Every structure is written in structure tokens, then in C-alpha cells.
Asker: 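Here's a structure for you.
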Amino acid sequence: MKLKEIYHFLNELSPFELQEKWDNSGLLVGNFEDEIEKVYISIDLDEEILETMDENSLVITHHPLIFSPLRRVNYDTYSSKLLKILIQKNIALISMHTNIDKTHLNRFVAKEILGLDVIESDEYICYANVDEEFDSFATKIAKSLGLEYLKYVKCNQRVKKVALVTGAGMSLIDEVNADCFLTGDIKYHDAMEAKARGISLIDIRHYESEKHFSPLLEGLLEEYLKKNKLKAIITASKNPFKFCIQGETVE
């Protein structure tokens, strides 16, 4: 099938026009008239993943490979190295980033992965009622996401209402109307700001909270692709970080 057919379906599913101004979601590599033989889904791309992909395919990622304009393509940076492989193998690339965060991903992680009682979604921020002791709630979050350890700020003994933004959401702290905020990439000064506001924080990390993009999109595409005799293949995108606890490395 043609690339433009899949693109239009994705656009109806989660309109690309919803993306933030700084984002670069949409068709990044390829031509709408390209014939697609296989579809891959991954949170990100790396050289190892691309080497396993067949030619004349489409890969749909969460994070865009290109954010800023490229001034040169000399194959010595992350994006230009991968662009070379994509072009050589005639692999098209579509990214669904802030648009699908708003329409699907945050709610999916909150409800399906963390089992939260979702009450509303306000663009990025997904809210849920909890009413549970902070320590037991934090333990459940860690277990659901497979986290070996937790980084958190505890301002209240009990969590009554929680807000969630997958990836890095601390820039939205001004909009959070909850006593506990779950998001990733929390920095030292973010923690100090939240503590001053009396908002507890649980760092659900970037990769660990957004890797669920792949099974989410696979489920949303399954019937459509089946009708067109295609199947989505989830690729094994890996977390670039490793963690060490008392000398022992954990995934």
C-alpha cells in the first residue's frame, strides 16, 4: 500500500496539527507515493534497529529523528548517521510525538499500565483519583513500570489526586492541579520548586514511561493494517541509560 494511505489514517487517529510548535512530528523521510511492504514501530531509532529492518518499509517512531534544521549531512551525528541508512534502504519515517501524547499516550499509560482511576485529561495532563498512602502508591508505580528504584519528592503522607505526563513534563508544573505529579526527567531545581508548592513528585523516567507508545500504536493500527495485508512489527528499542545500584548494573 502507499505511504500516503497510512499517513492519512494516522492523521485521523491523532491529528499532526495538534503537535507543539517546537515539535517535528509527521513524515520526516520518504515520499507519499512510496509503496510500503512492512511497518515497524519503535519509541526511537538506532543503528542496530535499522540494520534489522527490510528495505521499502515504514518505521513509525514516537520521538522525531530530526528536531532542528540540518545545516549539513556528513554522517557524524546521531540523526545524520541514521538518515543515511534510512535513505539507502528506502525506509520511510513518520514520527508521532506531542500529538499522540495529547490524544492517547498519557491516558493509556495512566489507565492501562498504571491502573489508575482516570477522571479527566487536559491536553497533556492526565488526572486520576487515588486516595492512598504515598509509600504504598509509589511502590505500585515502581512495580508497574519495572523500576528498580524510585526518585521522588514526598510532600504529603497521602495521595488523593495524581497528575501524569509521560516523558518530560516538569515544564507544566504551573498547570498541575493535584497533590502528586508523575513525570520523567525531573531535575534538582524541579524538585525544589515542587516542594515549595507542596506537590509530591515521582520520577517515572522518560524511556520507561514512553516505551508504551509501541504496544499502544500496534493496537490502534492492527485492524487497519490487517485489512491491507500488513502487520506492525514492534522493534526492540533499548534505553540508552544503564543504572548501577551498589556496584550491580540493572536494566
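Because the structure is a prediction, the values reported are computed rather than measured.
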Asker: First locate atom CG of Leu3, then atom CD1 of Ile94, and finally report the distance between them rounded to the nearest 0.5 Å.
Answerer: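 The distance works out to 5.0 Å.
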
Asker: Nearest 0.5 angstrom please: Ile141 CD1 to Cys180 SG, how far?
Answerer: 8.0 Å

Asker: I need the full list of ring-ring contact (aromatic ring centres under 6.0 Å, His included) pairs touching residues 207-227, with sequence neighbours left out, sorted by first then second residue.
Answerer: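 Qualifying pairs, neighbours excluded: Phe9-Tyr224, His62-Phe213.
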
Asker: Sequence neighbours left out, cut at 3.5 Å: what donor-acceptor pairs do the side chains of residues 153-169 make with other protein atoms?
Answerer:
residue: Lys154; atom: NZ; partner: Asp135; partner atom: OD1; Å: 3.1
residue: Lys154; atom: NZ; partner: Asp135; partner atom: OD2; Å: 3.4
residue: Lys154; atom: NZ; partner: Gln157; partner atom: OE1; Å: 3.4
residue: Asn156; atom: ND2; partner: Gly198; partner atom: O; Å: 3.3
residue: Arg158; atom: NE; partner: Asp131; partner atom: OD1; Å: 2.9
residue: Arg158; atom: NH1; partner: Glu133; partner atom: OE2; Å: 2.8
residue: Arg158; atom: NH2; partner: Asp131; partner atom: O; Å: 3.2
residue: Lys161; atom: NZ; partner: Asn177; partner atom: O; Å: 3.3
residue: Thr166; atom: OG1; partner: Asn106; partner atom: OD1; Å: 2.7

Asker: If you look only at pairs with a residue in residues 44-54, which of them pass as a side chain to side chain donor-acceptor pair (under 3.5 Å), with sequence neighbours excluded?
Answerer: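 Of all non-adjacent pairs touching residues 44-54, those that pass side chain to side chain donor-acceptor pair (under 3.5 Å) are Lys38-Asp54, Asp44-His63.
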
Asker: Only counting residues at least two apart or in another chain, list the ones meeting salt bridge (charged side-chain N to carboxylate O under 4.0 Å, His left out) with Asp185.
Answerer: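 Checked Asp185 against salt bridge (charged side-chain N to carboxylate O under 4.0 Å, His left out); zero matches.
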
Asker: Mind jotting down which residue pairs meet the salt bridge (charged side-chain N to carboxylate O under 4.0 Å, His left out) criterion with at least one end in residues 194-203? Sequence neighbours excluded, please.
Answerer: Lys151-Asp203, Asp174-Arg197, Glu193-Arg197

Asker: Quick one: list whatever passes side-chain contact (heavy atoms from CB on, under 4.5 Å) with Ser79, sequence neighbours left out.
Answerer: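 Listed in chain order: Leu65, Leu70, Thr77.
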
Asker: What pairs of residues pass the ring-ring contact (aromatic ring centres under 6.0 Å, His included) test when at least one of them lies in residues 164-199, not counting sequence neighbours?
Answerer: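 For residues 164-199: none.
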
Asker: Which pairs count as salt bridge (charged side-chain N to carboxylate O under 4.0 Å, His left out) when at least one residue sits in residues 77-102, sequence neighbours excluded?
Answerer: Glu20-Lys102, Lys102-Glu123

Asker: What ring-ring contact (aromatic ring centres under 6.0 Å, His included) pairs are there with at least one residue in residues 154-180, not counting sequence neighbours?
Answerer: none

Asker: Taking only residues at least two apart or on different chains, which pairs with a member in residues 64-83 satisfy ring-ring contact (aromatic ring centres under 6.0 Å, His included)?
Answerer: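 ring-ring contact (aromatic ring centres under 6.0 Å, His included) check on residues 64-83 returns Phe67-His97.
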
Asker: What pairs with Ser144 under side chain to side chain donor-acceptor pair (under 3.5 Å), at least two apart in sequence or on another chain?
Answerer: none

Asker: Show me the pairs that pass salt bridge (charged side-chain N to carboxylate O under 4.0 Å, His left out) and involve residues 24-35, at least two apart or across chains.
Answerer: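 Checked against salt bridge (charged side-chain N to carboxylate O under 4.0 Å, His left out) - neighbours excluded - the pairs reaching residues 24-35 are Lys2-Glu33, Lys2-Glu35, Lys4-Glu33.
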
Asker: Assess whether a salt bridge exists between Arg107 and Glu112, defined as any Lys/Arg side-chain N lying under 4.0 Å from an Asp/Glu carboxylate O.
Answerer: no

